[in-house]
K.L.:
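Attaching a single structure in structure tokens format; questions to follow.
Order of the sequence lines sets the chain letters (A, B, ...), proteins ahead of strands, with each chain counted from 1. Quick note: numbers below take in every heavy atom, side chains included, and nothing from hydrogens, waters or symmetry partners.
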Amino acid sequence: MRFSSSSSSILDSLFNSCTTIHLTKSLHALLFVLGKSHNVVLSTKLLNLYASLGYLSLSHSTFKHINNKNIYSWNSIIAAYVHSHRYTQALNFVNDLFSLSSQRPDFYTFPPTLKACQCLVDGRKMHCCILKMGFENDVFVGASLINLYSRFGGLDSAYKVFVGMPLRDVGSWNAMISGFCQNGNAAEALDVLNKMKGEGLKMDKVTVSSILPVCAQSNDIVSGLLIHLYVIKHGLEEDVFVSNALINMYSKFGRLGDSQRVFDYMKVKDLVSWNSIIAAYEQNNDPTTALGLFKEMQFIGIRPDLLTVVSLASILGQLSDQMVSKSVHGFVMRHEWLEKDVVIGNALVNMYAKLGSMDCASTVFEQLPLRDIISWNTLITGYAQNGLASEAIDAYNMMEQCENIIPNQGTWVSILPAYSHLGALQQGMKIHGRLIKNSLYLDVFVATCLIDMYGKCGRLDDAMSLFYEIPRETSVPWNAIISALGIHGHGEQALQLFKDMLAEGVTADHITFISLLSACSHSGLVDEGQWCFDMMQKEFGIKPGLKHYGCMVDLLGRAGYLEKAYSLVSSMPLQPDASIWGALLGACRIHGNVELGTFASSRLLEVDSDNVGYYVLLSNMYANVGKWEGVAKVRSLARDRGLTKTPGWSSVVVGSIIEVFYTGNQTHPKCIEIYNELRVLTAKMKSLGYVPDYSFVLQDVEEDEKEQILTSHSERLAIAFGIISTPPGSPIRIFKNLRVCGDCHNATKYISRITERDIVVRDSNRFHHFKDGMCSCGDYW
DNA sequence: AGCAGACTTT
């Protein structure tokens with residue numbers, strides 16, 4: 001072969017055909033043999049080839065061996081490092097170029113250099129340098145400067161550079177538009193875009209991909225659709241960036257069909273495309289389809305990255321897939337991705353929380369090398385949503401001790417429900433006070449949590465006045481206030497608010513009707529409830545879900561329309577679950593219909609045989625009509641099943657301390673005084689006619705022991721503690737996690753009379769206000 | 001002369 005005359009064209013084609021690292025290394029060896037390894041042009045080419053294949057260290061060593069480095073070599077090595085996100089090293093090369101070499105930087109040097117600047121100080125220094133050397137009028141340098149300032153939020157400086165440019169091409173405009181977009185300044189971005197159009201410039205693929213996320217952010221579907229038309233008209237859909245941005249935009253609007261169509265139409269799909277379509281389904285509550293797409297992506301050999309796995313973790317949480325979740329956790333650990341980015345750690349914490357494995361969630365949380373506010377919010381929400389309110393509060397208190405962690409909206413909407421759950425009014429009010437200072441209480445979601453908290457803590461007036469202070473264009477705060485009125489037994493008022501809501505043009509959703517129907521059922525408003533149930537379907541097109549049916553069965557059954565309730569259950573298009581049969585059984589208990597009750601309970605135990613509450617209901621139903629053999633049968637059934645009880649607890653606030661009592665608690669410091677007080681009270685109660693109702697005791701034991709068991713129910717311990725710890729006559733507020741026991745309900749009426757105290761018991765269902773031996777619920781609990 | 005550069009998506 002003759003290399004001498006035509007070697008350059010042959011070498012050119014050799015360089016062009018080097019698509020693998022092996023070929024490149026062979027070429028390197030060949031150059032060495034040919035004695036050309038010191039040729040600066042060829043070496044620089046080689047350096048770039050290595051870099052493009054991802055072999056940065058080989059690039060580096062090739063660079064080091066060039067004796068007479070020219071500015072091209074320097075520009076290449078700087079760009080190579082920037083390209084692989086090794087910004088510090090890139091800046092070191094820039095320093096060497098300035099101080100050690102005799103080469104003068106040129107137009108090409110600065111764009112990568114500016115990209116490498118990781119702080120504003122470096123950036124400003126470089127800007128000065130550019131001005132000194134007179135490169136500021138280059139369009140590429142200008143765009144890089146705009147980008148640099150935008151990255152650090154310095155939009156003023158960015159705009160100054162933009163305005164000062166003597167020549168602007170589409171790239172310059174794009175840089176300015178994206179600067180505004182990424183800082184959330186949608187209005188300014190659109191303004192610049194319009195000016196650009198005014199100068200007769202057309203949007204290109206970059207403009208479009210920058211502006212599309214803004215349409216989603218500012219909830220502007222019309223602009224989004226117009227841009228999609230523009231994209232089709234100008235053939236921009238070929239571009240993978242544009243199509244990916246379209247998928248994401250449609251996903252934000254919940255238009256999965258459109259996302260899918262864009263995705264299907266794409267000829268070239270990259271990892272971002274797959275991540276986007278998977279996230280689209282994951283974010284719109286279709287984890288099954290999302291998982292299918294993930295498998296498809298794996299099948300065609302695209303390797304998942306960190307963001308894929310973030311979506312995957314959420315998918316598995318939604319699907320409650322324990323097994324695969326564990327292996328995803330393992331995958332993350334093997335790749336050491338927890339160190340790479342907090343989002344993946346947060347995703348794992350969230351995944352375990354959704355699976356109900358708070359132990360695993362907190363273990364991952366503790367392993368996180370870095371925790372942001374999202375990590376804490378995820379943990380707190382996880383505890384709160386799994387019913388572990390005390391743990392949620394502990395976590396929140398720990399968070400407050402961390403410096404650099406500033407609570408945000410997400411924090412409040414996770415901690416407030418935990419306070420509501422325990423009835424911690426004082427703590428909730430403290431948060432409210434803090435929120436007033438920064439006006440966050442006007443945020444609809446935070447405000448709704450506050451309304452809910454006041455409602456559940458018995459401060460209906462405060463809930464109402466807060467409700468009227470906040471914006472109420474969406475159903476969210478209305479649902480909360482209607483529900484609060486409902487649990488306080490103010491059904492008529494709840495209905496009135498519902499009418500007000502419609503009058504103000506707010507659209508009711510399926511949650512509104514759950515709040516409303518349960519309000520009607522607590523107040524015995526049968527016709528009104530029926531009206532709502534019909535209206536929901538006919539006028540709002542909402543298909544009733546299990547919760548709606550549950551409320552209706554409860555409403556009809558409680559009011560004595562047992563046949564109607566049963567025929568509703570029979571005609572349901574959905575499979576009745578335990579809550580439906582439970583509601584029917586509860587109604588049968590109240591009205592003494594043993595026949596239907598027995599039937600309901602047999603269906604009930606088919607779908608949920610582990611809930612002790614239902615056995616108690618059944619036993620009580622038999623006892624109320626004197627069917628003692630039925631009571632005995634239920635007891636032995638419960639014993640045979642070896643039921644593990646949901647631990648019942650009640651809390652009472654004394655001063656600023658929340659005391660929590662579990663059933664049968666013997667470890668409280670005031671234990672002896674509490675039981676003494678209960679003994680004295682029971683004696684007085686009996687003299688007034690109280691007879692213990694043992695049908696609420698499922699244990700098969702002697703009578704005196706049954707009385708002992710009733711006496712040590714958590715609500716009674718809490719009441720007794722309240723009595724001995726507060727001045728005579730002051731009201732007592734109790735929270736119970738389950739429904740209040742029927743015998744305790746009866747006993748509390750006596751206690752309110754004996755001690756002349758108002759006793760408010762909020763159980764998992766509603767409020768009971770005991771006064772002068774009566775209860776506000778009229779014994780329909 | 002060759003070699004190298006900006007603005008865009010999850």
K.L.:
In whole angstrom, give the distance that lies between atom CG of Asp204(A) and atom C1' of dA6(B).
P.N.:
12 Å

K.L.:
Tell me which pairs pass ring pair (Phe, Tyr, Trp, His ring centres under 6.0 Å) where either residue lies in residues 236-269 of chain A, with sequence neighbours left out.
P.N.:
His228(A)-Tyr250(A), Phe263(A)-Trp274(A)

K.L.:
Would you mind classifying the nucleic acid contact of Asp106(A) as base, sugar-phosphate or nothing, using non-hydrogen atoms under 4.0 angstrom?
P.N.:
base

K.L.:
Choose from dT8(B), dG5(B), dT9(B) the nucleotide whose nearest atom is closest to any side-chain atom of Ala245(A).
P.N.:
dT9(B)

K.L.:
Once rounded to the nearest 0.5 Å, what's the spacing between atom CG of Leu49(A) and atom OG1 of Thr24(A)?
P.N.:
4.0 Å

K.L.:
From the options dA6(B), dT10(B), dA4(B), select the nucleotide whose nearest atom is closest to the side chain of Tyr108(A).
P.N.:
dA4(B)

K.L.:
Compile the donor-acceptor pairs under 3.5 Å between side chains in residues 286-305 of chain A and protein atoms, sequence neighbours left out, one pair per line.
P.N.:
unit_1, atom_1, unit_2, atom_2, d
Asp286(A), OD1, Thr289(A), N, 3.2
Asp286(A), OD1, Thr289(A), OG1, 2.9
Asp286(A), OD2, Thr289(A), OG1, 2.7
Asp305(A), OD1, Asn275(A), ND2, 3.1
Asp305(A), OD1, Leu307(A), N, 3.1
Asp305(A), OD1, Thr308(A), N, 3.0
Asp305(A), OD1, Thr308(A), OG1, 2.7

K.L.:
Rounded to the nearest angstrom, tell me the gap between atom CD1 in Ile227(A) and atom C1' in dT9(B).
P.N.:
14 Å

K.L.:
Is the phosphate of dC7(B) approached by Gln182(A) (side-chain N or O, under 4.0 Å from OP1 or OP2)?
P.N.:
no

K.L.:
For residues 251-264 of chain A, which residue pairs qualify under salt bridge (charged side-chain N to carboxylate O under 4.0 Å, His left out), counting only residues two or more places apart or in two chains?
P.N.:
Arg255(A)-Asp258(A), Asp258(A)-Arg261(A)

K.L.:
Filter on salt bridge (charged side-chain N to carboxylate O under 4.0 Å, His left out), then keep only pairs touching residues 220-243 of chain A, sequence neighbours left out; what's left?
P.N.:
Lys205(A)-Asp239(A), Glu238(A)-Lys267(A)

K.L.:
Which nucleotide wins on minimum distance to the side chain of Ala79(A), given the candidates dC7(B), dT9(B), dG5(B)?
P.N.:
dG5(B)

K.L.:
How close or far is atom P of dC7(B) from atom CG of Leu193(A), stated in whole angstroms?
P.N.:
19 Å

K.L.:
Donor-acceptor pairs under 3.5 angstrom involving side-chain atoms of residues 128-140 of chain A: please list them, not counting sequence neighbours.
P.N.:
unit_1, atom_1, unit_2, atom_2, d
Asp138(A), OD2, Phe140(A), N, 3.0
Asp138(A), OD2, Val141(A), N, 3.0

K.L.:
Just call it for Phe107(A): base, sugar-phosphate, or nothing, with non-hydrogen atoms closer than 4.0 Å on any strand.
P.N.:
base

K.L.:
Closest approach to the side chain of Asn75(A), judged atom by atom: which nucleotide of dA6(B), dT8(B), dA4(B) is it?
P.N.:
dA4(B)

K.L.:
Would you name the heavy atoms of Ala280(A) and Leu256(A) that are closest together and state the gap between them?
P.N.:
O-CD2, 3.5 Å

K.L.:
Output a table of donor-acceptor pairs, distance under 3.5 Å, between side-chain atoms of residues 181-203 of chain A and any protein atom two or more places apart or on a different chain; print 'none' if there are none.
P.N.:
unit_1, atom_1, unit_2, atom_2, d
Asn183(A), ND2, Ser150(A), O, 3.2
Asn183(A), ND2, Gly179(A), O, 2.8
Asn194(A), ND2, Leu190(A), O, 3.3

K.L.:
Out of dT8(B), dA4(B), dT9(B), which has the shortest distance to the side chain of Ser209(A)?
P.N.:
dT8(B)

K.L.:
In whole Å, I'd like the distance from the CG atom of Leu246(A) to the P atom of dT10(B).
P.N.:
12 Å

K.L.:
Can you tell if the side chain of Ile278(A) reaches within under 4.5 Å of the side chain of Ile315(A), non-hydrogen atoms only?
P.N.:
yes

K.L.:
Atom CD1 of Ile66(A) to atom P of dA4(B): distance rounded to whole Å?
P.N.:
13 Å

K.L.:
Going by distance alone, is a donor N or O of one side chain under 3.5 Å from an acceptor N or O of the other, for Ser259(A) and Ser251(A)?
P.N.:
no

K.L.:
Using atom types as modelled, flag every donor-acceptor pair under 3.5 Å from a side chain in residues 318-332 of chain A to any protein atom, sequence neighbours excluded.
P.N.:
unit_1, atom_1, unit_2, atom_2, d
Gln318(A), NE2, Glu282(A), O, 3.0
Gln318(A), NE2, Ser314(A), OG, 3.3
Asp321(A), OD1, Met323(A), N, 3.3
Asp321(A), OD1, Val324(A), N, 3.0
Ser325(A), OG, Asp321(A), O, 2.6
Ser327(A), OG, Val324(A), O, 2.8
His329(A), ND1, Tyr352(A), OH, 2.8

K.L.:
Give the residues of residues 115-127 of chain A touching DNA chain B, defined as any heavy atom closer than 4.0 Å, sorted by residue number.
P.N.:
Lys115(A)

K.L.:
Counting side-chain heavy atoms from CB outward, which of dG5(B), dT9(B), dC7(B) is closest to Pro112(A)?
P.N.:
dG5(B)

K.L.:
Could you name each residue pair satisfying ring pair (Phe, Tyr, Trp, His ring centres under 6.0 Å) that touches residues 170-219 of chain A, not counting sequence neighbours?
P.N.:
Phe162(A)-Trp173(A)

K.L.:
Identify every side-chain donor-acceptor pair in residues 112-126 of chain A under 3.5 Å, counting partners at least two apart or on other chains, and give the distances.
P.N.:
unit_1, atom_1, unit_2, atom_2, d
Thr113(A), OG1, Thr109(A), O, 2.7
Gln118(A), NE2, Lys115(A), O, 3.4
Gln118(A), NE2, Ala116(A), O, 3.3

K.L.:
What is the separation between atom CD1 on Ile177(A) and atom P on dA6(B), rounded to the nearest whole Å?
P.N.:
19 Å

K.L.:
Round to a whole Å and report the spacing from CE of Met266(A) to C1' of dT9(B).
P.N.:
9 Å

K.L.:
Side-chain N or O of Ser178(A) versus OP1/OP2 of dC7(B): is the shortest distance under 4.0 Å?
P.N.:
no

K.L.:
With the threshold set at under 4.0 Å for non-hydrogen atoms, list the residues of residues 129-164 of chain A touching DNA chain B in residue-number order.
P.N.:
Asp138(A), Phe140(A), Ala143(A), Ser144(A), Asn147(A)

K.L.:
Starting at CG of Asp239(A) and ending at C1' of dC7(B), how long is that distance when rounded to a whole Å?
P.N.:
13 Å

K.L.:
Using a cut-off of strictly less than 4.0 Å between a heavy atom of the residue and any atom of DNA chain B, enumerate the qualifying residues of residues 305-318 of chain A by number.
P.N.:
Leu307(A)

